[in-house]
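Written out below as structure tokens is the structure these notes cover.
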Amino acid sequence: METKKFVLLDIDYITEDDRAVVRLFGKLQGDEKGRSVIAVDKGFKPYIYVLPHDSEECVTDINEMDVEGVEWVREKDIGKTKDFLKVTLKHPQDVPKLRDKIRNLDSVLDIREHDIPFYRRYLIDKGLFPMSEVEVDGEFVNAEDNSFRCAEDTCVFEIQGEPRPVESEFPDLKILSFDIEVYNPKGMPQAEVDPIIMMSLSSNQGLEKVLSTKSSRLEFVETLESEEAMLERFVEIVKSENPDLLIGYNSDNFDMPYINDRAEKIGVELDMGTDASKLKFMRRGFANAGLIKGRIHVDLYLLMRRYLTLDRYTLERVYRELFDEEKEDVPGDEIYQYWDDGGEKLDTLFRYSLDDAVAVTKIGEKMLPLSLELTRIVGQPFFDIARMTTGQMVEWYLIRKAYEYGEIVPNKPSSTQYSERRSKRAAGGYVKDPVKGLHENIVSFDFRSLYPSIIISKNVSPDTMVSECSEDECYIAPEVGHKFLKEPVGFVPSIIGNILKERVRIKTMMKASENPREKQILDVQQQALKRLANSMYGVYGYSRFRWYRIECAEAVTAWGRDFIKKTMKQAEDYGFKALYADTDGFYATFEPSDEN
DNA sequence: CAAAGTCGGGG
DNA sequence: GTGTACGACTTTG
């Protein structure tokens, strides 16, 4: 038996002999540093919780089904201790198969935690965090003797016992950016007819290359005899560079599907995964996500929409915003002309293509650290985090915390609950229309993290909300009158409190640090925590969320309006004149009257 | 006026 | 995959 340590990049599960096998995709640390590893764990089973109506009958009913076993557990449900039946199933896909049957039993009141993807359950229950290190005991297995496939330079390790999270520094990640150019005489290209003419690659370790079916004197251009050869070379480079992160711009929607369609048409295998698997697409509602096992494909477009507030989100616009530099631009509908013209025009196109890939690398280096820190805090795969809204991150963070606190996670709303929730919206923050005109000597006031502070100071949480309560024992929200026990500290306030405490701790460390790189990492960490804390209010007001509670949302905004109005009133008593206010701050001029 | 439809990015 | 989800804006009935 050996012990191995690796950076956990990604996770999924496969089925072997009707049993689920969790696969942890990583990069080894230690003597084999940099080598890709797939660590497999055969010892984890799916489960759901059942809230019984009739305990004895419930056990009998469920044991008649094809389940692994049942066990009584005592857990909290919105703060109330209850006995749940923990039902372990044989395979993750038994959950959707059996859950309705179980829910509909007369002996059952409700089922819980029946919609948590298996790999997410694994991360939470084992206390593992992607983009952090994991230590495992076990043995290397020869992939050929098993059903575990892997790429040439990847090794397969079978875990025995429990994986252990390791406190670790932020990992060095190898990033490879890519961008394609397509022949498009008729506007937007059609994969059915329009070939890929260039594939650009740029890494954070100095690689700058454009593959093309035309030649050039430019040294970064590598010419291939056909589109087929170009696609094969692309796959070869991805495998040999062995990046942890593969990043593009709008690549979920354009580059990845296009490469896939052309490869399929021409007959090239895009077997770029570290398990030798092909490029796949995951339906995520209206959008697709390109997935390469063992490498994390990230579409920066999605992230930029989340992080920046701009009128447009073209690569050019985002690049200018972040670096205050103009990029060489070729209008999209003229690309085929540049290609056909050849000569200087063609060289311009080559440079433009490479520039795009290099810009993606630069944007990635600047903007990915925040998402990577959020990954290390929220504890879900980076692939998912890069495609989640902050609200969803908050929810997965709370789900992990619920496990630690012994709270059973509330169910997602049914479609009827959802539409019912949508029909009522909590009143928002206080807004005072601006006084028209050009004002001088403006002062601004703002509450730091107004909503998180209210949730903590007024203990606003579903588990502390009560209908009847005296003013001694409860905080009572203005206007709306919702009541929250002063003690004990609620689930959500407790978690926000810990986030803010952790943020203060990191900011202190940051100030004390002499090492600029360490300072920068700590700064991103505290930003990530701030983001999480500030988004946490949303869980009460967004109709989709598990911890939705309109009364909590109403109470928070009511206290918010109360605070800002009182503060404005006080400022006016001191001679300020409010000009404009919105939610957590206001602007004023100093206009003392004669008495002052 | 509410409901239904479109679009973003990419070439 | 223990899936199936946006939000701002415009057009239509």
Side-chain angles (χ1 to χ4, degrees), chain A residues 12-15 20 44-49 87-100 102-103 111-122 124-125 178-191 193-198 248-259 262 280-291 299-306 309-318 329-339 349 352-353 356 360 384 387-392 395 399 409 411-413 415 418 422 542-545:
Chain A
D12 73 354
Y13 85 92
I14 54 168
T15 301
F44 190 62
K45 289 269 183 267
Y47 60 88
I48 64 169
Y49 293 105
V87 179
T88 303
L89 296 120
K90 291 182 172 166
H91 191 277
Q93 294 188 350
D94 289 346
V95 176
K97 272 185 209 147
L98 293 176
R99 69 180 160 202
D100 290 330
I102 295 175
R103 184 175 19 220
I111 56 169
R112 302 285 284 276
E113 305 200 7
H114 54 83
D115 52 6
I116 294 171
F118 191 57
Y119 67 92
R120 295 193 177 186
R121 178 88 275 170
Y122 185 90
I124 292 167
D125 290 19
F178 69 106
D179 180 48
I180 64 170
E181 309 303 327
V182 170
Y183 193 69
N184 60 331
K186 288 184 238 156
M188 274 314 283
Q190 305 290 311
V193 286
D194 299 323
I196 297 171
I197 54 180
M198 295 180 189
Y249 201 81
N250 201 26
S251 43
D252 269 346
N253 254 317
F254 181 74
D255 302 63
M256 283 299 196
Y258 209 94
I259 291 171
R262 291 303 294 176
K280 283 202 185 81
F281 291 90
M282 310 211 37
R283 265 233 151 69
R284 297 176 76 88
F286 53 98
N288 273 339
L291 177 84
D299 183 345
L300 281 186
Y301 166 66
L302 296 164
L303 284 183
M304 293 309 100
R305 293 205 70 154
R306 235 152 257 157
T309 309
L310 300 173
D311 45 350
R312 308 196 62 200
Y313 294 88
T314 60
L315 185 56
E316 277 73 24
R317 181 69 189 82
V318 167
D329 191 28
V330 174
D333 51 7
E334 291 171 27
I335 283 175
Y336 77 98
Q337 289 170 352
Y338 280 66
W339 176 255
L349 186 59
Y352 160 76
S353 183
D356 270 8
V360 169
D384 297 348
R387 291 168 178 79
M388 273 183 195
T389 63
T390 33
Q392 290 169 314
E395 188 160 279
I399 290 172
V409 175
N411 285 333
K412 280 195 276 200
S415 57
Y418 175 64
R422 285 207 66 156
Y542 299 152
S543 343
R544 278 226 158 65
F545 289 158

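To find a chain, count down the sequence lines: A is the first, B the second, and so on, and within it residues start at 1. Values reported hereafter were calculated over all heavy atoms of this structure, with side chains retained and with hydrogens, waters and symmetry mates removed.
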* Asked: With A/F44, which residues qualify under ring pair (Phe, Tyr, Trp, His ring centres under 6.0 Å), at least two apart?
  -> A/F118, A/Y122

* Looking at every strand, decide which applies to A/K412 at a 4.0 Å heavy-atom threshold: base, sugar-phosphate, or nothing. => sugar-phosphate

* To do: Would you indicate what A/G248 reaches in the nucleic acid, counting non-hydrogen atoms under 4.0 angstrom: base, sugar-phosphate, or nothing?
  => nothing

* Asked: So what does A/Y418 touch, heavy atoms closer than 4.0 Å: a base, only the sugar-phosphate, or nothing?
  -> nothing

* With sequence neighbours left out, what residues match A/E316 under salt bridge (Lys or Arg N to Asp or Glu O under 4.0 Å)? -> A/K327

* Asked: Rounded to whole angstrom units, what separation is found between the OH atom of A/Y336 and the C1' atom of B/dG11?
  -> 12 Å

* To do: Between C/dG7 and B/dG9, how far apart are the C1' atoms? Round to whole Å, please.
  => 15 Å

* For A/I335, which contact category applies under a 4.0 Å heavy-atom criterion: base, sugar-phosphate, or nothing? -> sugar-phosphate

* Would you please name every residue forming a ring pair (Phe, Tyr, Trp, His ring centres under 6.0 Å) with A/F545, sequence neighbours left out? => A/Y542

* **Between C/dA5 and C/dC9 - P atom distance, rounded Å** => 23 Å

* Structure fact -> With sequence neighbours left out, the residues meeting salt bridge (Lys or Arg N to Asp or Glu O under 4.0 Å) with A/D252 are A/R387

* Asked: Contact boundaries of DNA chain C with chain A (under 4.0 Å, heavy atoms), 5' to 3'?
  -> C/dG1 to C/dC6

* Structure fact -> A/K90 meets the side chain to side chain donor-acceptor pair (under 3.5 Å) criterion, sequence neighbours left out, with A/D66

* To do: Would you classify A/Y47 as touching base, sugar-phosphate or nothing, given that sugar-phosphate means primed atoms plus P, OP1 and OP2, and contacts are heavy atoms under 4.0 Å?
  => base

* side-chain N/O A/Y338 vs B/dG11 OP1/OP2, d < 4.0 Å -> no

* Asked: Checking side-chain contact (heavy atoms from CB on, under 4.5 Å) for the pair A/D115/A/R99: CA distance, chi angles, key distance, verdict?
  -> CA-CA 10 Å; A/D115 52 6; A/R99 69 180 160 202; 4.2 Å; yes

* Contact class for A/R121 vs. all strands (heavy atom < 4.0 Å): base, sugar-phosphate, or nothing? -> base

* For A/L315 and B/dG9, give me the distance from atom CG to atom P, rounded to whole Å. => 12 Å

* **Whole angstrom value for the distance that separates P of B/dG10 from CG of A/N253** => 11 Å

* To do: Name all residues meeting the salt bridge (Lys or Arg N to Asp or Glu O under 4.0 Å) criterion together with A/E395; count only those two or more places apart in sequence or in a different chain, and write none if there are none.
  => A/R546

* Check every strand shown and say whether A/D333 touches a base, only sugar-phosphate, or nothing at a heavy-atom separation below 4.0 Å. => base

* Classify the nucleic acid contact of A/L302 as base, sugar-phosphate or nothing, counting any heavy atom under 4.0 Å across all strands shown. => nothing

* Roughly, in whole Å, what's the span from CZ in A/F178 to P in B/dG11? -> 11 Å

Taking only nitrogen or oxygen atoms into account, show me every contact under 3.5 Å that the protein makes with nucleotides 5-8 of chain B, one pair per line with its distance.
{"unit_1": "B/dG8", "atom_1": "O3'", "unit_2": "A/Y301", "atom_2": "OH", "d": "3.4"}
{"unit_1": "B/dG8", "atom_1": "N3", "unit_2": "A/R305", "atom_2": "NH1", "d": "3.4"}

* Under 3.5 Å, is there a donor-acceptor pair linking the side chains of A/Y313 and A/R317? -> no

* Asked: So what does A/P96 hit on the nucleic acid, given a heavy-atom distance under 4.0 Å: a base, only sugar-phosphate, or nothing?
  -> sugar-phosphate

* Could I get the full list of side chain to side chain contact (heavy atoms under 4.5 Å, CB included) partners for A/P185, not counting sequence neighbours? => A/Y183, A/D194, A/Y336

* Structure fact -> Taken to the nearest whole Å, OH/A/Y249 to C1'/B/dG10 is 10 Å

* Any donor-acceptor pair under 3.5 Å from A/N411 side chain to A/I111 backbone -> yes

